[in-house]
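This report concerns only the one structure given below.
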Amino acid sequence: MSNKFSTLSLCDAMIQNLDKIGYLEMTPVQAQTLPLILDNKDVIAQAKTGSGKTAAFGIGLLHKLQVKKFRVQALVLCPTRELADQVSKELRVIAKFAHNIKILTLCGGAAFGPQLGSLRHGAHIVVGTPGRILKHLNKETLSLVDLETLVLDEADRMLDMGFIEEIDKVLEYAPKTRQTLLFSATYTNEITFISDRIQNNALSVKTVSTEVQNKIQERFYETHESEKTNTLIKIFSTFKPENIIVFTNTKLAAKELAENLTKNKIDALAIHGDLEQYERNDVLVQFANKSCPVLIATDVAARGLDIKELSMVVNFDLPHTQETYTHRIGRTGRVGADGMAISFYKEIEDVLDYRDEKRIFDDQNNLKTNNGFEMKPQFVTLVIEGGKKDKLRAGDVLGALTADGGLKGSLIAKIDIYDRQTYVAIIREFINEAHKKLSQGRIKNKKFSVWIL
Ligand code: ADP
Ligand code: MG
């Protein structure tokens with residue numbers, strides 16, 4: 001099958017321009033989505049970074065654009081200013097097939113005034129971050145009444161950054177009869193949930209196969225009670241998992257293990273029944289947003305935990321039943337990567353029921369030693385003493401962090417907003433800068449207490 005752009009119902013000028021910029025053939029995501037997009041269907045597409053998603057929706061929305069009608073006909077929402085700038089740049093290149101297509105970028109962290117001026121001059125296409133777009137809609141400096149195409153680019157990242165409410169509010173300003181395109185690198189329940197709400201009979205396209213059942217490698221190690229912590233560190237040092245849940249049978253063991261690992265420079269937190277609700281929340285948020293690589297839990301404390309994509313589960317204590325074993329290890333296995341389940345036992349009699357040809361019974365002497373091995377998280381979490389009750393939104397927080405030569409949006413990984421608190425995951429090297437920026441500055445013109453977890 002030919003993947004040439006000329007197989008699509010595009011005008012000659014568009015095809016000639018694509019040729020000129022060196023886009024000779026469609027990438028897989030373009031080949032699969034463009035026929036549907038040009039047919040005005042709602043599409044939800046999953047593809048890796050660098051697979052050409054921008055041109056997929058870009059060609060689609062530009063093809064439909066009525067250049068003579070000087071109204072905003074397409075809106076592209078992006079998670080950060082840098083990504084919005086990239087999208088605008090790419091759209092401008094593809095838009096060269098026609099004269100005078102006006103593309104405007106509207107992002108938080110940039111001055112509001114000049115944006116007003118640009119908006120007064122009008123635009124065909126607006127690209128921006130949800131918070132700032134919403135601000136313009138609220139102030140009626142931007143109108144979406146003529147909108148034909150709405151794109152959510154990097155939708156998974158926008159959800160991670162806490163933009164769901166802003167997106168919902170933006171949608172209230174958009175006409176119901178529009179085409180909605182949703183692009184994402186991952187395909188999670190949240191993505192299907194948002195698609196169900198904002199798209200109509202969306203057709204789904206996946207260029208990476210995620211349907212295959214992830215394999216879980218199950219390994220067993222005999223180890224003395226007194227050397228378990230040490231064996232665990234050797235396991236980490238040998239297999240280098242990114243995020244791990246370790247199960248113990250008692251809350252006392254969970255607490256002790258967290259302390260011992262921390263003493264050994266492995267960042268670990270425990271959840272157990274003795275924690276106050278807010279403490280439990282602090283721990284879970286840090287684990288989920290990758291500010292702590294190791295979570296230690298009892299079965300009771302782990303109940304109802306919705307943490308996906310674990311690279312490893314460890315049975316520090318063997319569970320009392322095989323059913324619990326299956327339940328525990330089912331949490332591992334990630335998109336495109338196999339999971340690993342490790343179990344410790346005292347003597348072989350304890351694990352006779354577990355023996356089968358799939359399971360590996362290894363000698364711990366085969367593990368690496370843990371000389372100087374450390375585990376530090378990629379991110380650190382900042383807490384703001386303010387949340388939904390203070391009408392704080394992700395856009396406000398992101399804006400406060402990135403304004404006036406502040407942090408780059410790409411350094412901020414995740415924003416979780418609760419009623420009275422907001423958690424922000426930031427690349428660890430920039431945590432002090434972020435802390436300073438937020439504690440000295442204001443968010444929505446208000447001072448908030450801010451601390452590092
Ligand atoms: P994604 O959004 O999927 O991460 P981009 O849209 O940023 O990827 O595209 C990645 C790169 O591939 C960009 O440099 C873009 O110019 C280039 N590209 C996109 N489509 C084509 C094509 N059909 N032929 C050649 N290069 C392409
Ligand atoms: Mg992209």
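Just follow the structure's listing: the first ligand is 1, and inside any ligand the first atom is 1.
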To the nearest 0.1 Å, how far is [atom] from its closest protein heavy atom, and which atom is that?
{"atom": "atom 20 (N) of ligand 1", "result": "Gln30 NE2, 2.8 Å"}
{"atom": "atom 8 (O) of ligand 1", "result": "Gly52 N, 3.2 Å"}
{"atom": "atom 16 (O) of ligand 1", "result": "Tyr23 OH, 2.3 Å"}

Any donor and acceptor pair, going by atom type alone, linking the side chain of [X] with main-chain N or O of [Y] inside 3.5 Å?
{"X": "Ser311", "Y": "Asn243", "answer": "yes"}
{"X": "Thr186", "Y": "Thr188", "answer": "no"}
{"X": "Lys444", "Y": "Lys391", "answer": "yes"}
{"X": "Thr129", "Y": "Thr80", "answer": "no"}

Determine whether the side chain, the backbone, both or neither of Phe5 has a heavy atom under 4.0 Å from any heavy atom of ligand 1.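 It is the side chain that touches ligand 1; the backbone stays farther off.
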Return yes or no for this condition: an N or O of Leu24 is under 3.5 Å from an N or O of ligand 1.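 No, since none of the N or O atoms of Leu24 sits under 3.5 Å from an N or O of ligand 1.
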Considering distance alone, does some N or O of Gly50 sit under 3.5 Å from an N or O of ligand 1?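 There is such a contact, yes.
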For ligand 1, which atoms, with element, lie under 4.0 Å from some heavy atom of [X]?
{"X": "Glu25", "value": "22 (C), 23 (N), 24 (N)"}
{"X": "Glu90", "value": "15 (C), 16 (O)"}
{"X": "Thr54", "value": "2 (O), 5 (P), 6 (O), 7 (O)"}

Intermediate values then yes/no, side chain to side chain contact (heavy atoms under 4.5 Å, CB included), Arg157 and Phe163: CA-CA 9 Å; Arg157 262 217 89 196; Phe163 275 129; over 6 Å; no
Any donor-acceptor pair under 3.5 Å linking the side-chain atoms of Lys64 with those of Asn40?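 Per modelled atom types, Asn40 and Lys64 side chains form a pair under 3.5 Å.
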Ignoring hydrogens and geometry beyond distance, is a side-chain donor-acceptor pair present between Asp282 and Tyr423 at under 3.5 Å?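 There is such a pair between these side chains.
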Does Lys48 have a heavy atom less than 4.0 Å from any atom of ligand 1?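 Flag set, Lys48 near ligand 1.
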Under-4.0 Å heavy-atom contact between protein and atom 14 (O) of ligand 1: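 When distances to the protein are checked, atom 14 (O) of ligand 1 has no heavy atom within 4.0 Å.
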Are there protein heavy-atom neighbours of atom 3 (O) of ligand 1 below 4.0 Å?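 Under the 4.0 Å cut-off, atom 3 (O) of ligand 1 does have protein heavy-atom neighbours.
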Over-ring placement of Lys368 relative to Phe373, 6.0 Å and 45° cut-offs: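 Cation-pi check for Lys368 and Phe373: fails.
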